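First up is the structure itself, then whatever we jot down about it.
Source: prediction; values computed, not measured. The sequence lines fix the lettering, A, B, ..., with proteins before strands; numbering per chain opens at 1.
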2 protein chains.
Amino acid sequence: MDPQYQIASYIQRFISLTEEEASHFSSKFKVVKVRKKQFIVQPNFTAKKRFYVVEGALRSFVVNKSGQETTIALAINDWWITDYNSYIFQQPATMFVEALESSTLLELDFEKEQDLKKSNPKFETFFRIIAERGLASQQRRITMNLTKSAEERYTYFTEKYPQFLQHIPQYALASYLGMTTEFLSKIRNNKVKGKS
Amino acid sequence: MDPQYQIASYIQRFISLTEEEASHFSSKFKVVKVRKKQFIVQPNFTAKKRFYVVEGALRSFVVNKSGQETTIALAINDWWITDYNSYIFQQPATMFVEALESSTLLELDFEKEQDLKKSNPKFETFFRIIAERGLASQQRRITMNLTKSAEERYTYFTEKYPQFLQHIPQYALASYLGMTTEFLSKIRNNKVKGKS
DNA sequence: GGAAAAAGTTGAAGTAGATTAGGAAATATG
DNA sequence: CATATTTCCTAATCTACTTCAACTTTTTCC
């Protein structure tokens, strides 16, 4: 399927557009293919784009001084990814965004996004809606992280996002869920002390 | 100072409005005074409003089956608060929002917010901007929670949000930062084992 | 302004999950 | 298709933080 068509179909889940509007919207996106392990956002460089995933899998992560990587966000098809703090404020990024497998993306340049929003209030509405949905989902994630045990967080994730499990290596998922890869391995193999 | 004036001044930090637009915007807000310990959002009831804090302090929190409370968000003057997951999707709330001290709020009804956004694209832009800023700030919070120790999270908070410390009881702050009130007490009094 | 309730403190003991280290699978690539 | 690299697993040891319990201080409110 044509990637440009996909983004037009995606936006129309949230707002209704004429054919002309839909094709104007799609025209601002550029198809990008990335290979596994390729970076599309890097610390100290401003994230100039946000990315809609057509196919594949990516993650954003931070690295601390001792080299430990922590996954902050995950994305498969139909999800968006970038370093939002960098993109929204057009400031230097603190994160990497990396392809976990070869992927097809639609990139939207920050300036083009501003043009879209200026050109038609419907597009402004669209970006407002996806920001609000992101906000609500991050509120749920913060709540999970503060209130649930490692095992409960993993169980919740597998039930809520089963499609991710096929694409995300365990080391990336573990730090996303706030635990080590060793501990996640024990959970998955039911070897947590005190569990049957 | 007139509370309605404050919200007009607040929105103009983000977008410029004519006097008429500013007063149209302000007119949709209703001044509400709440006393300490009063709830403005409760689980199972849909959050029909979002609240801009003129003066005072509030928190949102969840309660688990064993009665333990976890603070999810904090708000003092110039901040917004509600259960966003409930408000945005107009679904039953899972959180309480409670006044930590007697406060003056400006409440915005969900329906009135929709009217505002329909009436003028500038208002759509405003709500998009505050959603995006919330998104970026939550991304930072998730990163902190996943990568820093309890003591580092506390130190970061005191440096970044010193104004909150005067208003927020320690038990509320502790669970917001993802630790027990006992442990936060030890951090504050430098009694953490292995620390000088 | 005095009693009761709420909030904060301290220390001892316990535990969820981290760290370390080594080996086994799986996957990539020449 | 073999071997190098990456990912995953297991188990012993360790620790950052929790739990519990008793106490002190601060705040509330009749």
A:R153 vs A:E182, nearer the 5' end of DNA chain C by closest nucleotide: A:R153
CG on A:L108 to CG on A:L106, rounded to 0.5 Å: 9.5 Å
From OG1 (A:T125) to CD (B:E124), nearest 0.5 Å: 3.0 Å
For atom CG of A:L146 and atom C1' of D:dT18, their distance in whole Å: 15 Å
Check: B:K186 side chain, C:dG11 base, donor-acceptor under 3.5 Å: yes
Nearest to side-chain heavy atoms of B:Y171, which nucleotide of C:dG8, D:dC17, D:dC9: C:dG8
Interatomic spacing from CD in B:E132 to OG in B:S137 - rounded to 0.5 Å: 13.0 Å
Listed once per pair and sorted, the side chain to side chain donor-acceptor pair (under 3.5 Å) pairs that draw on residues 175-186 of chain A, sequence neighbours left out: A:T71-A:S175
Under-4.0 Å salt bridge between B:R59 and B:E98: yes
Residue-phosphate contact under 4.0 Å: A:T180 side-chain N/O, C:dA18 OP1/OP2: yes
Given D:dC9, C:dA6, C:dT10, the nucleotide with the shortest approach to the side chain of A:Q170: D:dC9
Nearest listed nucleotide, side chain of A:P169, among C:dA7, D:dC9, D:dT7: D:dT7
Nearest to side-chain heavy atoms of B:K36, which nucleotide of C:dA18, D:dT28, C:dG11: D:dT28
All salt bridge (Lys or Arg N to Asp or Glu O under 4.0 Å) counterparts of A:R13, not counting sequence neighbours: A:D78
Nearest-nucleotide comparison on DNA chain D, the residue closer to the 5′ end among B:F183 and A:R188: A:R188
Terminal helix-axis angle for the helix from C:dG1-D:dC30 to C:dG30-D:dC1, with five pairs defining each axis and rounding to 10 degrees: 60°
Sugar-phosphate only, base, or nothing, as touched by B:S149 at under 4.0 Å among non-hydrogen atoms: sugar-phosphate
Sugar-phosphate only, base, or nothing, as touched by A:Q68 at under 4.0 Å among non-hydrogen atoms: sugar-phosphate
